[in-house]
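Chain identifiers are assigned alphabetically (A, B, ...) following the order of the sequence lines, protein sequences preceding nucleic acid strands; residue numbering begins at 1 within each chain.
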Amino acid sequence: MTRWITSATIDIDSDVLGRKATLRAPEALRGTWLGGKDMSEQTEARDTTVSAVSELDGKLARLKGWLYNKRSSGKILFMIIRDGTGVIQCVATKNEMGEELFRRLDGLHQESSLIVEGLVHKDHRAPGGYEIQVKECRVVSEAWPDYPITLKEHGPEFLLDQRHLWIRTPTQRAILAVRAEVMRSIREFLDNDGFVEVSAPILTPSACEGTSTLFSTPYFGEKAYLSQSGQLYNEATIMALGKVYCFGPTFRAEKSKTRRHLTEFWMVEPEAAFMTFEELLDLEERMVTFVVRRVIDRCSKELEQVGRDPKDLERIVPPFPRMTYDDAVKLLQENGIDIQWGDDFGSPHETFLASQSDKPVFVTGYPTKVKAFYMEPDPERPEIVLASDLLAPEGYGEIIGGSQRIHDYDLLVQRIKEHNLPMEAYDWYLDLRKFGTVPHSGFGLGIERFVAWMCHLDHLREASPFPRMITRMRP
RNA sequence: UCCUCGAUAGCUCAAUGGCAGAGCAUCCGGCUGUUAACCGGAGGGUUGUAGGUUCGAGUCCUACUCGGGGAGCCA
């Protein structure tokens, strides 16, 4: 049994406590334990959480959490308490609590931490259907009076300044829970499919693709760059383990100021030896379907909290529409959108193409010239590559980019020259084509974009616990 | 880097070129079933910064600072 009250249990002079005057100098309260009756472990109440409270219907329960909101009249007090799993209404009456403790609770500010004991029961008037009739209550720490996040609306800049507190609100909590489920189910899917997680380095000596602007940092007399992709390293580890994935943060120093960009984001990158382009698309489709299914099955409450109708996600089943780049260009031109064969797609193009379906859409066969140097050309049409983007519905953009990789040594050397990349930086990468090279493929999926799509967010920043953007590195 | 929009109380926002306001939060008081509870009262402002036009500027003009989201780039 946890002894959660030990030496910290102190009987504080009642002249000091329960007086609102005290709150004008909240510094004096720091580090103290306040509270009602000493609730030691021999009480019959059982520990519970909001999410499991229905199991104790009609019984005494003990709940540890934070005061989210309260409504009171002179003799009855409704405390809305959150505990990380959900929110529940706790009812305290002056009759039951006594004058002094009731006054103290009535004067608590938002986010004060509490331990309550009371009778769990169904009540149609309570949000969530259950409430706790409080018998005992202990104030673990009385919050200062100036908690910045109210239940009213706030602007994005203010909320991001308060991100360390903003994450406590039900919607932000739900998003982070969905994010955790997305990451967990991706690992589950890949592990069950025979992939081995192999971490790629964050500190790298040069750009992987030679395109994006990277963050750099001094590294014992030379320059290191924060990784923008683990792919090149994956291409090494597949030759040791067959099927691998790396999963971690990646960094882009691009000055992108849009709702679809962060400077630091998480990406999962599966890669497999002997995997062909067709098998790659099949893998992407199966993985996305699996993860969406998991989110529907395990995050129903969170989806409801964020306002995402699960029916929107129920539609995400194979097969996903597939469109060639050639057809996509024709379709865009037919709809009066300015594009020529050979141009890369911009955001407006992707948004239009994605709007053609309720499901994610594969676009395949991009022009060789606009894509990365390592992509395998189509054997029948060398002007296009075996690459595909997976565009999410509802304007969430490219959530996956993948391709078959060049396995031929001579062709890869030629491409490195064509892209004016420093040959010496790719010596080890070329080794992979010298010693037992095989056709292979892989893709990268952006976690925040996926989570934003699942939760129907209007900005990627809410899909990250502490988002990093061009204008923001704090908190 | 470019385009565009914005900055007024702790927060969200009002204010025809003419006395700077409301709701929430905070503080005081009231209320035994509240649902972002409600009712009464109080405190809270160098209107982003600097200059200009004007009898008079939160409002009009110029520059700057900071920020929003869009382009480019990409997950």
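Atom C1' of nucleotide C11(B) and atom CH2 of W166(A) are separated by 14 Å, given to the nearest angstrom. Rounded to whole Å, atom C1' of C73(B) lies 15 Å from atom CG of D343(A). As rounded to whole Å, 11 Å separates atom C1' of G67(B) from atom CE of M469(A). Taking atom CZ of F78(A) as the reference point, atom P of C38(B) lies 14 Å away to the nearest angstrom.
In this structure, E398(A) does not pair ionically with R260(A), as no charged nitrogen and carboxylate oxygen lie closer than 4.0 Å. Between E285(A) and K359(A) there is no salt bridge, since no side-chain nitrogen of the basic residue lies less than 4.0 Å from a carboxylate oxygen of the acidic one.
With a 3.5 Å ceiling on both atom-pair distances, the Watson-Crick or G-U wobble partner of G67(B) is C5(B).
N95(A) comes within 4.0 angstrom of a nucleotide base, judged by non-hydrogen atoms across all strands.
Phosphate contact (OP1/OP2 of A75(B), side-chain N/O of H261(A), threshold under 4.0 Å): absent. Checking the phosphate oxygens (OP1, OP2) of G69(B), a side-chain nitrogen or oxygen of R461(A) falls inside 4.0 Å. Between H349(A) and G72(B) there is no side-chain polar atom (N or O) within less than 4.0 angstrom of OP1 or OP2. The side chain of T150(A) places no N or O atom within less than 4.0 Å of a non-bridging phosphate oxygen (OP1 or OP2) of U12(B).
For the residue pair L119(A) and G58(A), the shortest heavy atom distance occurs at CD1-O, 3.6 Å. Of all non-hydrogen atoms in L303(A) and I296(A), the two that sit nearest each other are CD1-CA, 4.2 Å.
For H154(A) against C11(B), no side-chain N or O and base N or O form a donor-acceptor pair under 3.5 Å.
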